[in-house]
2 protein chains.
Amino acid sequence: MVTITIKDVAALAGVSVATTSRVLSGNPATSADARSRVQAAVAELDYRPNAQARALRSTRTHAIGLLVPDVRNPFFADLAHTVEQAALVHGFVTLLGNANERKDQQDRYLDNLIARRVDGIIVAPLGDGSGSIRSVVGREIPAVFIDRTIEGIDLPSVTTDSDTGIREAVDHLAALGHTRIGYIAGPQSTSTGRERYASFVRAAGDRGLSLDPALIVFGDFQPESGSAAVRTLLALNEPPTALLVADSPMAFGAIGAIQKLGLRIGTDVALVSFDDIDWLALLDPPVSVIAHSVADMGRIAVDMLRTVIDGGTPESVRLPSRLIIRGSSATPVDPSRSR
Amino acid sequence: MVTITIKDVAALAGVSVATTSRVLSGNPATSADARSRVQAAVAELDYRPNAQARALRSTRTHAIGLLVPDVRNPFFADLAHTVEQAALVHGFVTLLGNANERKDQQDRYLDNLIARRVDGIIVAPLGDGSGSIRSVVGREIPAVFIDRTIEGIDLPSVTTDSDTGIREAVDHLAALGHTRIGYIAGPQSTSTGRERYASFVRAAGDRGLSLDPALIVFGDFQPESGSAAVRTLLALNEPPTALLVADSPMAFGAIGAIQKLGLRIGTDVALVSFDDIDWLALLDPPVSVIAHSVADMGRIAVDMLRTVIDGGTPESVRLPSRLIIRGSSATPVDPSRSR
DNA sequence: CATCAGCTTGGAAACGTTTCCACTTGACGC
DNA sequence: GCGTCAAGTGGAAACGTTTCCAAGCTGATG
């Protein structure tokens with residue numbers, strides 16, 4: 001592995017290392033002559049500055065870390081994409097880490113991002129405020145929360161207000177005659193899991209719908225838990241006539257399980273899912289969803305992080321969510337089946 | 001941003017910087033006493049070694065770069081996940097880059113990975129052998145191709161043999177009575193786009209099916225091009241009775257377009273897609289796919305890269321593909337409609 | 001003609017590690 | 001009791017940059 005350093009470039013260009021460095025980093029105190037000779041040498045040697053050495057000296061890496069709980073969840077894949085594109089515009093490269101919905105892996109990546117001295121971190125966290133997230137705060141490393149937060153950790157955040165969307169969904173289902181709505185909740189170890197759960201309970205209570213605890217099943221945001229929840233819920237003596245699912249991977253599992261039971265969403269059981277994932281609209285019938293804007297979320301997170309990096313303290317942002325009605329929740333409850 | 005260095009740790013532990021370094025990097029030439037005192041100091045100060053400085057000196061970063069063309073394509077999201085998990089097992093952290101199917105962004109990320117001096121690079125490349133990929137090879141940076149390759153760039157690779165799966169699909173469709181199969185091809189600037197196209201032409205020719213050039217439309221592996229292709233193909237005077245699609249995002253677009261035309265896959269037009277993406281099985285009817293193993297591909301790529309890093313020269317691997325028949329291609333051609 | 005400002009330049013220190021080398025210490029075999 | 005050896009240690013060089021500082025040069029100014 002051949003190594004070309006700034007010294008080689010300087011020698012070939014016939015100038016000092018200092019001048020070469022100035023040319024490379026765009027320092028204006030350079031002559032046109034020096035600039036052109038250095039650039040020629042760089043091209044000839046295919047020289048690439050060593051980012052480690054550069055960062056070591058200048059304490060700036062031009063990199064940000066993005067830590068998501070699960071890249072395979074299309075919501076987070078989208079988020080990764082928008083964050084990355086937004087960061088690129090501002091000259092930051094994104095190091096994407098995948099916590100795999102596991103606290104130990106999250107800590108491992110956080111440690112790594114700290115060790116790499118990234119300029120800032122955007123994290124959709126899981127777990128409580130223990131572990132490496134505490135080190136991030138302790139070192140005053142610029143960081144923002146995205147999508148999720150951690151109670152007791154005071155960082156700026158951009159999140160979704162689940163209340164509006166979930167209330168719309170509950171009202172909509174109630175208007176169709178549903179009185180027993182099953183709720184497939186996310187893990188209560190995540191802020192989104194807790195919030196959406198609270199929103200649902202509040203909305204259902206306000207509407208006077210059944211709050212039978214058997215109607216609420218807790219999953220882990222992964223497909224298999226969605227399937228299991230459906231099997232549990234539809235086996236009840238008084239099964240729900242509608243389902244609300246807290247994220248799209250669980251909705252995926254839920255829909256698969258419903259099909260396997262020989263039932264049809266929309267007609268046999270209404271279904272609404274959180275997250276407007278594109279393929280949900282392709283199903284037959286298309287699935288009603290509670291949508292929130294991934295694009296805004298990514299862009300805002302990057303802007304907020306840049307503010308923190310520059311020494312500011314941005315306000316946290318809460319984005320709205322709203323119901324999109326499709327075929328999976330368009331049919332009024334069949335009175336012969338209700339009760 | 002408080003900075004704690006190894007000197008602080010050494011001072012607190014009452015040993016030299018050299019000894020501290022040895023303890024931290026697990027060098028056996030240390031006394032139990034030194035080890036425990038250093039560890040106590042590390043814990044007390046919440047010290048994290050500076051990865052830049054460490055890498056600068058030791059020329060090992062324990063990081064690998066993974067460059068995919070599009071994280072939002074579930075196939076690559078899965079791939080990212082498996083590569084990352086496999087790398088983690090061997091102590092490597094993965095820096096994930098997203099080329100966004102654009103050569104300039106691919107080059108930008110490659111430059112960045114080179115500059116960061118990652119220990120190795122796994123890349124699903126696009127474009128020809130120009131640009132930064134040449135620098136990677138020129139510097140003899142350990143690298144392997146995954147999924148795709150570039151002609152003229154001699155790197156070990158793990159790819160899918162599209163021939164078997166596509167031949168099975170064509171045979172299967174022909175057996176159902178289809179004589180005019182439409183093919184929605186990937187971009188010819190990618191090796192997978194070219195290969196799958198060639199496999200299709202060969203298989204269709206061998207089976208004596210129509211090779212009408214109008215039946216082949218070239219897309220760009222993105223959903224919109226799949227929709228556009230469907231609109232073109234189904235507007236032909238003699239439209240195809242079956243469609244074969246070269247990747248799942250285009251299949252997504254294609255299916256949406258078919259629905260919008262008021263047609264049903266399976267009955268009105270048969271459809272088979274490359275890539276076994278989970279939600280394709282949830283559609284009604286479920287979509288037949290040509291599957292290949294993402295898990296194997298990721299694991300093998302990491303193993304191959306490790307071999308290269310250790311100075312070896314692994315053999316390239318070609319994984320098989322195979323047809324999975326589902327409802328979207330289960331109905332024989334209606335003789336009243338054919339011709 | 002001396003002085004000065006402004007531009008450009010090079011030497012050298014610094015960033016935080018790892019690792020080479022030399023040194024001390026105590027145990028061991030003879 | 002002496003030489004030999006292994007284990008543990010610390011000082012200092014090195015990794016490849018950036019940046020501070022001092023200094024050289026040019027042309028203009030008084």
Side-chain angles (χ1 to χ4, degrees), chain A residues 1-39 41-42 45-63 111-112 114-119 139 141, chain B residues 1-39 41-42 45-63 111-112 114-119 139 141:
Chain A
M1 196 146 50
V2 205
T3 311
I4 295 160
T5 75
I6 199 172
K7 283 187 195 163
D8 303 316
V9 177
L12 181 61
V15 297
S16 73
V17 167
T19 299
T20 309
S21 170
R22 277 186 282 259
V23 170
L24 289 172
S25 51
N27 187 317
T30 50
S31 65
D33 180 51
R35 275 195 296 276
S36 67
R37 292 167 64 182
V38 167
Q39 268 144 18
V42 165
L45 297 174
D46 189 27
Y47 165 75
R48 309 299 168 103
N50 182 319
Q52 331 270 12
R54 188 173 260 206
L56 180 58
R57 182 56 231 241
S58 61
T59 62
R60 276 292 222 144
T61 56
H62 300 287
D111 287 347
N112 203 274
I114 296 173
R116 294 207 128 70
R117 304 295 193 262
V118 291
D119 293 339
R139 272 152 212 275
I141 296 173
Chain B
M1 197 145 54
V2 205
T3 311
I4 294 159
T5 76
I6 199 172
K7 282 186 196 164
D8 302 317
V9 177
L12 182 60
V15 297
S16 73
V17 167
T19 299
T20 308
S21 171
R22 277 186 281 259
V23 170
L24 290 172
S25 52
N27 187 316
T30 49
S31 66
D33 178 50
R35 276 195 294 276
S36 67
R37 292 166 65 183
V38 167
Q39 268 145 15
V42 165
L45 297 173
D46 189 26
Y47 164 75
R48 309 297 168 104
N50 183 320
Q52 332 269 12
R54 188 174 261 208
L56 181 58
R57 183 56 232 244
S58 60
T59 63
R60 277 293 222 143
T61 55
H62 300 287
D111 287 347
N112 203 274
I114 295 173
R116 292 208 130 70
R117 304 291 193 265
V118 290
D119 292 340
R139 272 151 211 274
I141 295 172

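Order of the sequence lines sets the chain letters (A, B, ...), proteins ahead of strands, with each chain counted from 1.
Scored by the side chain to side chain donor-acceptor pair (under 3.5 Å) test, A:Arg37 finds A:Asp33 as partners (sequence neighbours excluded). With sequence neighbours excluded, the residues satisfying side chain to side chain donor-acceptor pair (under 3.5 Å) with B:Asp46 are A:Ser135, B:Arg48. By the side-chain contact (heavy atoms from CB on, under 4.5 Å) test, A:Arg35 pairs with A:Val23, A:Thr30, A:Ala32, sequence neighbours left out. Residues passing the side-chain contact (heavy atoms from CB on, under 4.5 Å) test with B:Val17, sequence neighbours excluded: B:Ile6, B:Lys7, B:Ala10.
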List, with names and distances, any nitrogen or oxygen atoms from the protein found under 3.5 Å away from nitrogen or oxygen atoms belonging to nucleotides 5-9 of chain D.
residue: D:dT9; atom: OP1; partner: B:Ser31; partner atom: OG; Å: 2.8
residue: D:dT9; atom: OP2; partner: B:Ser31; partner atom: N; Å: 3.0
residue: D:dT9; atom: OP2; partner: B:Ser31; partner atom: OG; Å: 3.3

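In this structure, B:Thr5 and B:Tyr47 approach most closely via the heavy-atom pair C-CE1, 3.6 Å. Here the closest non-hydrogen pair linking B:Thr20 and B:Ser16 is OG1-O, 2.8 Å.
In this structure, the side chain of B:Thr61 engages the main chain of B:Arg117 through a donor-acceptor pair within 3.5 Å. Without hydrogens or angle criteria, A:Gln52 side chain to B:Arg116 main chain gives a donor-acceptor distance under 3.5 Å.
If A:Arg48 and B:Val17 are placed on DNA chain D by their nearest nucleotide, the residue sitting closer to the 5' end is B:Val17.
A 4.0 Å heavy-atom criterion places the boundary nucleotides of DNA chain C facing chain B at C:dG16 to C:dC20, written 5' to 3'.
Among the heavy atoms of the strands lying under 4.0 Å from A:Thr5 are primed sugar atoms or P, OP1, OP2 only; no base atom is included.
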